[in-house]
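Step one of this worksheet: look at the structure below.
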Amino acid sequence: MSLPNEQTSQSERIHPMDVQMAAFHCGDGFLKQLLVTKLSQCQYALPLLVPDPFTKQIKFPFWTFRQINKSWKTRNTKNEIISQIQPIYKAKTPMVSFFRFGSVSSSKSHLMNSLINEKHNTFFHRNCPGNSRTRVLMDGVVEIAWFCPSGKNTDKFADCVAFCNLHGDAGEHEKQLEILTEMASVNVVLLPQLNRNDIHAAKIQNLYKDRKPLICLFTEDESTLMMMKKGKFKIGLKDRNQSDVSEELRRTINDCLSESSSSFRLEDVSKHSDIRVDEEDDEDCRRGREAAQQMMSLLEDKDLTEIKKSFLPHQGKLWHQWSQKNKELHQPQADETEMTISIKQTELKKIRVLQHESDISEFMKLFIKNHSHAANKLFFLKWLGILLDEYTSADLSDLHQKYDEKWSAVVKLKEDHAISEKLKAEQTELERISEDLQAATFGLENIMREIGQIYESCSSVRKKKKDLQFHFSSLPSLAAEMMISGFPLELMDGDAAHVPLVWISAVIDELIQTLGDQTVFVLSVLGIQSSGKSTMLNAMFGLQFAVSAGRCTRGAFMQLIKVSDEIKPRMKFDYILVKVGLKPSCMFVHQNVSDVTAGEKNMEGRRRLQKTLDEMTKLAAKEEVCDAECFSDVIRFDVQKDVKYFAQLWEGSPPMAPPNPNYCENIQELKEYILSNTAKSNGMMLTHLKDRIKDLWEALLNEQFVFSFRNSLEIAAYRKLETEYSKWSWSLRSAMKETENKLHNQIENEAIHEVEETDLQKELKKTSEEVEKSMSAFFEKDKDKDILIQWKTSFEIKIKELQENIVKETKRKFKTHHENTLFEKSKDLALKLKDKANDEETLKKEFDLFWKQCVDKIISDTPPVKDIDIMKDVREILSDTYKSVSVDHWKESNECRDIFSASSYADYIQLKKTSGFTVTFYRVANDMFGYALPKEDDTQVKTFVTDVDQQTEKIIQSYNIPKMGYNKSCIQQLIGYIKRRVTEHQEGPGQYVFKNEFFRELVISICKRANKMITDQHRLFKEANDPVIYVEKKREENYSIFQKYCHGATSAAIFGEIICQKLKEPIEQSVFKKTVRDLAGEMISNCETLKGNRSNLEKHILKTLAEEKDFVKYMNYIHNPRDHFKSFIRDEVSRFITDKFSVSVLKKNIKLLQQKIMKAAQESTEHVQVNRGDVSLWLKSFTQQLSDVLIFSEKDLSGVNHDDVDDFNLLEDVIRKELTVTISDINKEFNTDTLDKNLDSKFRPDELLFDHLCQCCWVQCPFCTAVCTNTIENHPGDHSVPFHRVTGLKGCHFNNVHLCADFCTTLVASNNKFKVSNVWVPHKQYRRAGGVFAEWSITPDRSQLPYWKWFVCRFQKDLENYYNKTFVGSGNIPNEWRKYTKQDAIESLDEGF
């Protein structure tokens, strides 16, 4: 805007009030309202009538007063104090108007300040700091301020009084003067002196004649107070003491007011003609008011204490019951079982159904409709808040008065030691008033709370409400819009003391949908009620937390503050979020400290604060078994910098005290300090905020708030890290497999003779560096880098160890192998029959005879490779070597029990014959009644069996059977190893030994498992090494060469064909191996079940088990998880090969290899020609070039005479031609079946994938068999899982009869006990059992997967038959569990993994 065209000097300072009015004129309705509200809070005068700077049209900014509430205390005729809180626009008070005629020497505003508060400049005057001689926007402005008494005898006025001040010469502003004099109870006019010839004499005469009291203040008169006639007074101001004048004037005004009955209300100002009212001019404001008034009309004549019950039923009794039940559910009780938990969950669902059946009131329907259709929703919401405050303020004021009186009465009765019945009656009445107070509190937050509960009840029952016009899923967008517009959202319902988590999460999702996933810095303020938290935040950030209308901010709220573009470059976030405690750093603010040296004087106090905080931390850490020594270990805190001392808020005694400037300075300093700290923070994404709120609330419910709460953000970040680790580890494994293949080929080709670890490290260097770069980029650039940083070092070590292990494992694999040929013999025969080359029949007969003689000779010299019978060898070795192990009663291995499927190992155990009453007693009991194996011992045996199985599998792989063949000594060594392990275990500290059948059945179960693997490996060896098979494979090749010799083919042509025939098998093997690597890589990238980490794999295993409903497979998974994982991966690979893997991949790899072979032939020919070499040089060059891709060397042609080969161009041409034929034959033979059959057992995709995904911890929970989810084998620290299982799955029972239907997490909070080594241990102190129990961290909480509840119900009979026990009595299955469907179970896996 432009100022009126008046000449002003450049050096003239701008008048402070011009600045205020310029902002006022330029602002919209909301800014004006905010400005006036803040001026009122600071006890400054407010614009009442404002002339337009250009048109001079007078405006009444009624809207700007709507949010101002004033409180005061008066005394009635009985001298009792009466408290009042009213919206100022409704207050009926006397009004004293001040104006002047002409130019006067005394300051009218200064004089008014002395009447209201002599210590504060309520009205700006000429002596205020910053004043200038000229002003351009204040003339004609009427300001208003109120004096509010405190109910004390020292009050200057006994009641609330309004004071109006007309700026400028009243004679020049007739309309303003008319309105003021008409509405005032007392008129006070300043003028130099009374003169009949004065231009304003007529106006003064009219005032003198008017019946209203008039006080004339003469600036050029020295006289004291004088009554000119009744109600008309004059006071001289010249050369008089200011305080004397003020006292005379105050006394006179009081006398006039005592005689006057007129009153003033702000809303009456709008009734005057010729003035414009902002509320009527602004159409959006008017429509917003009409919509709000329409809603308020529904509340007419209603009892305020009954309104919430009638109009907001969803947040009433049912919500409070649900909240209480939910808290009880999450706080484990000593006698609680899954049955009682299920009953509580059923009750919660019933309450939600009843809540959902509640009708939506017309009031709420109208709110939703108006909010959805209002042109300007902000005006509607503001108006509704204003009108609700107006509606409740009077009743709330009365209730507060009653509460104060009743509380005083109760205190007095206690002091007088009154009769208990009378005291009890008064306390009951006090409690009733308190309930009425809470019921009468009705604001926008209650409306939003109702919407939240409508949404939560609909979400819970998954149904739309019949009386809701649209789908309930759109309700969160309403709250999100309000938050973006600056309204706070209730985070915790203060009445129910509960967080509506479903609602809050949905609102944050809508914020993300609208704003994007913005970064927020979370600031929280904590303190006791009425300690000034909301006031401080409102002052610091201009927020809208309720601090008036007689309401305290009960509960917890959050509000978004957008970071301005000016400071955004310094910050790393887009919004600041206030009111919810989430960030791990803190400051302490001490309010009402007047001494400026408080910081220095309170060093000892700060030391004690630090000591107290540290002690609290240690206590909490001890309680939750956490390693924390001081407060700063948990929350970032510097006692020197993070303790602040604030001046008192008010400068003087309310209600007329203005804010203390020092307090405002303290606020600004704190704000700057906070913002400087925020610049160092990366903030938090809104998606993370939602998860963090959920984690913190669940931690509060579970009473694990300090250290032990489950952090979804960290879990999600860690899972993401595991997925990346999976990629890194696969890169290393894949590269090493390729290197292994290349070096193996070179060894077979005698290009190199041995491989050192340094060679392998060099080969892996490039991939290793790429992985390091990828890791660095991930930890530095990922959006969760602040969370991930805590694991950076451990994963760097983990990758390094993996790399070292890969190198060592690969080093152990290298061996060599040799074979001979028959080509020379067939060549010799061909030379003898050269003259009969045209007689094909004769040639064929001669060759067949020759071949038969060769085969017979080979068979006689080299016995054929026999088929094997593993289990027969096992029986013979057990019978011959271990006489104590009886094998007579079983002939087939099928008759032997599978030790891996045993539900208990009690049948395999007997107690040691040691001294001692306890052991002797149990041994006798065992002999008489059978032995119930303690849980600890059962778990120990289970762990032992699993470990022996894993180690024997590694031993079998080390035998290299595909290359070396099977020998009975393999089984002998294996059985010897198992026997040694059993002996060592028995000699340990345990109180039991194994029966003979344990060793026997352990050996048979392990060998039975290994049978197929060994047999398949031996088949590969036989096909490659059995003379009959080998010779038969070579028959056609040899006959082809024989024919060519007979027909006189050159040596070069024959040699080229022999080379191509020799290359066929190496090509096949090379292509197979390359294809396996490609296949494994493709599955890791594209197969849903196998990409990611072991947790993802387990999720898909559980889904598959649910779909197949095979109880036997379930038991294998529960008792032998590692074995089941391996089997599942094998099946997935087979399915992938059949369904998705294309033979074109094989053919592509063959084509690449063909190109490499021809390139090697071409370069070898060039090499020989340049160096004038012979065929030996050509062959050496050719084989060396192929040594890293094929197992093919000069020794493969060691039986073939090729000395006479000298036409190398012909040799190259023959190879090109014959290689095409060879490749064609290979392509015809290749399909997915041949791929599976021809794979080396150590180089199968399922083995690669298992090594990749499952080299992690396999320790099972001693209660429920859940597998530790740590990705590092032999990891430090406790074992843990996110979700435990029902302990009955493992066979845990009560009294050896009833299977247990409890989860571990429930049991460890109960008073139940379990038996370990004949000692009863409380579940609460399960670590005391020692052994594997001491190595597990099991947190008592409600983290239970519905999957296992469904499983127990679906397979109840199977489990009962399997364990020969029942789910009855103490192990009753809750009925609520039976409602879960298979689909519910499967969906719960997506949430849990």
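Counting from 1, the numbers follow the sequence of the chain as shown. All values reported here derive from a predicted model rather than from experimental measurement.
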message = Working note: H125 + N121, criterion side chain to side chain donor-acceptor pair (under 3.5 Å); need CA distance, chi angles, decisive distance, verdict.
response = CA-CA 8 Å; H125 57 86; N121 295 318; 3.0 Å; yes

ask   = Do E283 and R287 pass the salt bridge (Lys or Arg N to Asp or Glu O under 4.0 Å) test, and can you show the C-alpha distance, the side-chain angles, and the key distance before you say yes or no?
value = CA-CA 6 Å; E283 188 175 351; R287 287 183 176 177; 2.6 Å; yes

key: side chain to side chain contact (heavy atoms under 4.5 Å, CB included) between M95 and V161, worked out   = CA-CA 6 Å; M95 189 264 277; V161 180; over 6 Å; no

Verdict with supporting geometry, K59 and D278, salt bridge (Lys or Arg N to Asp or Glu O under 4.0 Å) = CA-CA 7 Å; K59 294 182 180 178; D278 58 353; over 6 Å; no

inquiry  = Please determine whether side chain to side chain donor-acceptor pair (under 3.5 Å) holds for the pair N165 and S109, giving the CA-CA distance in whole Å, both sets of side-chain angles, and the decisive distance to 0.1 Å.
reply    = CA-CA 7 Å; N165 181 7; S109 296; 2.9 Å; yes

Evaluation steps, ring-ring contact (aromatic ring centres under 6.0 Å, His included), between F65 and Y89 = CA-CA 6 Å; F65 290 87; Y89 65 87; 9.2 Å; no

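Between atom CG of residue L378 and atom CH2 of residue W383 there is a gap of 14.5 Å, rounded to the nearest 0.5 Å. The CD1 atom of I85 sits 10.5 Å away from atom CG of D389, with the distance rounded to the nearest 0.5 Å. One distance of note links CE of M183 with CG of L266; it measures 8.0 Å at 0.5 Å rounding.
In this structure, the side chain of T514 engages the main chain of E510 through a donor-acceptor pair within 3.5 Å. A donor-acceptor pair is defined here as one N or O able to donate and one able to accept, closer than 3.5 Å; such a pair exists between the side chain of Y391 and the backbone of L299. Proximity of a side-chain donor or acceptor of T55 to a complementary backbone N or O of D52 within less than 3.5 Å is not detected.
Partner of F157 under the ring-ring contact (aromatic ring centres under 6.0 Å, His included) criterion, out of W146, F147, W72: F147 alone.
Between C160 and P94, the shortest heavy-atom contact is O-CD, 3.3 Å. For W503 against G452, the heavy-atom pair with the smallest separation is CD2-CA, 3.3 Å. Closest approach of S132 to I14, counting heavy atoms only: OG-C, 4.0 Å.
The existence of a salt bridge linking R289 and E279 is confirmed by a sub-4.0 Å separation between a basic side-chain nitrogen and an acidic carboxylate oxygen. Salt-bridge formation is detected for the pair K690/D509: a Lys NZ or Arg NE/NH1/NH2 atom is positioned less than 4.0 Å from an Asp or Glu carboxylate oxygen. With respect to the salt-bridge test (charged N to carboxylate O, under 4.0 angstrom), the residues R276 and E280 do not qualify. Between R449 and E445 there is no salt bridge, since none of the side-chain N atoms of the basic residue sits less than 4.0 Å from a carboxylate O of the acidic one. Checked for salt-bridge contact, R135 and D139 meet the test: a charged N lies under 4.0 Å from a carboxylate O. Here E178 pairs with K175 in a salt bridge; the nearest charged N to carboxylate O distance falls below 4.0 Å.
The aromatic ring centres of F367 and F380 sit less than 6.0 Å apart. A centroid separation of less than 6.0 Å is found between the aromatic rings of W63 and F379. F124 has its ring centre less than 6.0 Å from the ring centre of H15. Between H120 and Y44, the distance separating the two ring centers is shorter than 6.0 angstrom.
Remark: R100 fails to qualify as a cation-pi partner of F98 under the 6.0 Å distance and 45° angle criteria applied to the six-membered ring.
Partners of E481 according to the side-chain contact (heavy atoms from CB on, under 4.5 Å) rule, which considers only residues two or more places apart in sequence or in another chain, are H371, K377.
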